Amino acid sequence: MLVLVAPGQGAQAPGFLTEWLDLPGVGERVAAWSDAIGLDLVHYGTKADADAIRDTAVAQPLLVAAGLLSASALGDVAPGAVAGHSVGEITAAAFAGVLDDTAALSLVRTRGLAMADAAAVTETGMAALLGGDPETTVTHLEKLGLTPANINGAGQIVAAGTKEQLAALEADKPEGVRRVVVLQVAGAFHTHHMGPAVDTLAKAAEALTPGDPKVAYVSNKDGKAVATGAQVLERLVGQVANPVRWDLCMETFKELGVTALLEVCPGGTLTGLAKRALPGVKTLALKSPADLDAARELVAEHA
């Protein structure tokens with residue numbers, strides 16, 4: 001049983017779309033998407049520097065576009081389940097047939113702009129904590145006024161809050177935590193700081209007509225498979241200001257009997273977590289077209 005997953009913000013790197021644009025028809029497709037959402041995805045995916053693509057309003061559409069392109073390059077794929085981390089949930093919604101590609105990119109464009117606006121109100125950020133006991137870590141974060149915004153499993157929790165709170169965390173790590181790594185993101189995502197973005201996204205979602213998932217769609221909210229398109233959209237909206245529970249998603253993958261996990265471009269983060277949390281499950285990160293043959297072999301064996 002194959003699960004197809006899409007990474008979240010921070011996975012992007014300068015030029016990561018360049019090789020994909022060499023595939024037949026991809027340049028025209030991305031140009032059409034760029035026109036539809038008013039953002040030059042070709043420029044940002046090939047020529048823009050790290051600072052430019054760190055911008056939330058740019059990074060989020062880029063990630064969804066990359067996920068859609070890389071998955072379509074595989075050909076027909078019939079996964080047993082799909083999921084995405086944070087903004088990757090919108091990519092996963094397209095994989096599941098809840099949204100078509102243009103609707104997914106339109107929604108993520110609105111999401112990115114709204115979250116960028118919310119992040120501009122207060123100087124905030126995020127930091128990954130490696131190691132330590134989850135319960136001890138969460139209690140310590142709450143004592144410092146921080147939110148455990150991503151509980152990723154495999155010994156990783158991401159804290160989010162103001163710059164002052166993050167500085168206090170670096171000076172006072174939870175017991176057992178080996179490292180605190182400040183992430184290259186523009187705000188405290190999946191916390192109350194993103195509250196204004198929820199209302200904006202809810203209005204955008206009202207204009208969409210979602211389909212019901214054609215495969216199991218595993219939600220970041222609680223790791224549960226969601227049955228209807230309306231429920232998927234509702235969760236996509238609320239998740240902007242609530243923690244990502246990727247640990248629970250991986251528990252659901254186990255319950256579903258996953259034997260392989262394929263992470264679409266720009267893959268790497270979620271496969272790394274799966275290698276530690278899902279022993280025995282084959283994993284593959286689809287980083288460039290050079291990985292397509294190996295990915296197709298994995299699909300043929302497990303889908």
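None of the values given here were measured: they were computed from a predicted structure.
- Results of the side chain to side chain donor-acceptor pair (under 3.5 Å) test with S86 over Q9, Q239, H190 single out H190 as the only residue that passes.
- The pair E206-K203 fails the salt-bridge criterion, with no side-chain N (NZ, NE, NH1 or NH2) lying under 4.0 Å from an Asp/Glu carboxylate O.
- Taking the charged nitrogens against the carboxylate oxygens, R245 and D247 do have a contact shorter than 4.0 Å, which makes a salt bridge.
- Between the side chain of T269 and the main chain of P7, no donor-acceptor pair closer than 3.5 Å is present.
- A side-chain N or O of H302 and one of T259 form a donor-acceptor pair less than 3.5 Å apart.
- H85 and W246 have tilted rings, their planes meeting at an angle from 30° to 60° on a 0 to 90° scale.
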Open item on the list: If you apply the rule side-chain hydrogen bond (donor to acceptor under 3.5 Å, both in side chains), what do you find for T200 with R111, and how did you get there?
Closed with: CA-CA 8 Å; T200 301; R111 184 186 193 268; over 6 Å; no
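- Salt bridge E301/K282: present, at least one basic N to carboxylate O contact under 4.0 Å.
- Shortest non-hydrogen contact noted between L166 and M126 is CD1-N, 3.7 Å.
- In this structure, the side chains of R276 and N152 stay at 4.5 Å or more apart for every pair of heavy atoms.
- V108 is not listed as a side-chain neighbour of T91, based on a closest heavy-atom distance of 4.5 Å or more.
- Applying the salt bridge (Lys or Arg N to Asp or Glu O under 4.0 Å) rule to D293 yields the partners R296; only residues at least two apart in sequence or on another chain are considered.
- Between V3 and L256 the shortest side-chain heavy-atom distance does not fall below 4.5 Å.
- Contact check for F189 versus V240: no side-chain heavy atoms found under the 4.5 Å cut-off.
- At a cut-off of 3.5 Å, with distance as the only test, no side-chain donor of T139 or E142 sits close to an acceptor on the other residue.
- Taking 4.5 Å as the limit, some side-chain heavy atom of L41 sits within range of a side-chain heavy atom of L39.
- Residues C265 and K287 form no side-chain contact, since every pair of their non-hydrogen atoms from C-beta on lies 4.5 Å or further apart.
- When side chains are defined from C-beta on, L69 counts as touching L17, because their heavy atoms get closer than 4.5 Å.
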